[in-house]
Amino acid sequence: MSRCLQLAKLGSGSVAPNPLVGAVIVLNDQIIGGGYHKKYGKAHAEVNAVDSVKDKSILAQSTIYVSLEPCAHHGKTPPCADLLVKHNFKRVVIGCTDSFSEVSGKGVQRLKEAGIEIELGVLESECRAMNRHFFTFHEQKRPYVLLKWAQTQNKLIDSENGQTGEVTWISCPETQSKVHQWRNEYQAILVGKNTVLKDDPSLTVRAIRGSNPIRIILDSLLELDDQVQVKDKCAQTIILNKVKTESDRSCDYIKIEDMIAKSILSKLYELNIQSVLIEGGRATLQSFIDSSLWDEARIITGSTSFNVGTSAPKITGVSYHHEIFFSDKINYLFNQ
């Protein structure tokens, strides 16, 4: 199952809104095949694992380990549970069940009805953690929320000396690249209008090879002009606002009744967005913190200080990891 999780992680940034899944086939205590879900809409982990075994006749004597319950419905691809039944696997070991209503328990039931031996809950907590975005979305009916900001030694997130469109960097270049990797792992990235006006960010993964997240911009009265980088068509952009719902060549405008955290997440849920990285500014970050509508936070502390500027958000959480990364310190928190 540990190998399943290693394989599953290889699909990070490419499979959402599907979950990350890995599968390993074992015969006589030897791994004879394996696979993972590589891209949304393409073959699932079980299919790729089965395809990796040339002699399909030996599958009936084999055990397949899968990090998530095999699907039992027709989606972009046929049901994986049916594939396992077709090849008459001797045993199926499942890391955790799937809470998606189209699958939940149905995959296990399909296998049991076919007389296949089932074992559930192997490395269950690790398998659930692998797909925390997916489970949060289906169980809490909202996206998984990661908060991220960089702060100075004296806990400021911005300098008042900068000019509009000029970024005052706090973190080192290596950490900035690391943040781009985080962006690649999230389906969407969200900032408020003031962050766009102040920094004119592109909100892409340009420092790495990966997929750009959907850019979500909060702009109640549509005050941003068409020259800002978030409208450059390098990635899908959604402008949440109180004025209109329509699309143009650069972005999609979606009307929302109010800009409170709960309403924003409800709208993202409607849009089938399972995970969102919130990068600022302070008022936007603090609104999610105060509403307790966040799951994880990553706080980068640089080596510099500003004389004056914007104070960092105030947050209370459970620190689960802390690292020194080049000249920066990164603190990782879970919501209590």
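All figures in this text were calculated on a predicted structure; none of them were measured in a lab.
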* Going by an N to O cut-off under 4.0 Å, is there a salt bridge joining Glu257 and Lys242? -> no
* Asked: Are side-chain N/O atoms of Glu296 and Tyr144 paired as donor and acceptor at under 3.5 Å?
  -> yes
* With a 4.5 Å limit on heavy-atom distance, are the side chains of Leu277 and Leu190 in contact? -> no
* **Salt bridge flag under 4.0 Å for residues Arg183 and Glu279** => yes
* Asked: Given Val191 and Thr284, is the side chain to side chain contact (heavy atoms under 4.5 Å, CB included) satisfied, shown in steps?
  -> CA-CA 7 Å; Val191 299; Thr284 300; over 6 Å; no
* Asked: His44 versus Val21: any side-chain heavy-atom pair under 4.5 Å?
  -> no
* Asked: Between the side chains of Glu69 and Thr97, does any donor sit under 3.5 Å from an acceptor?
  -> no
* **Test item: Ile25 and Tyr65 side chains (from C-beta on) under 4.5 Å apart, heavy atoms** => no
* **Side-chain H-bond candidate by donor/acceptor type, Gln6 with Tyr36, under 3.5 Å** => no
* Asked: Is Arg282 close enough and on-axis enough to Trp149, meaning under 6.0 Å and within 45°, for cation-pi?
  -> no
* Asked: Would you call Asp295-Arg142 a salt bridge at under 4.0 Å N-O?
  -> yes
* To do: Could you tell me how the ring of Tyr269 sits relative to the ring of Phe137: parallel (under 30°), tilted (30 to 60°) or perpendicular (over 60°)?
  => tilted
* Chi angles and distances behind the side chain to side chain contact (heavy atoms under 4.5 Å, CB included) call for Leu224, Leu197 -> CA-CA 7 Å; Leu224 296 174; Leu197 290 174; 3.6 Å; yes
* **Lys42 charged N/C atom sitting above Tyr40 aromatic ring, 6.0 Å / 45°** => no
* Asked: Just how far is it from atom CG of Leu268 to atom CD1 of Ile238, taken to the nearest 0.5 Å?
  -> 7.5 Å
* Taking atom types as modelled and ignoring hydrogens, do the side chains of Ser220 and Asn241 form a donor-acceptor contact shorter than 3.5 angstrom? -> no
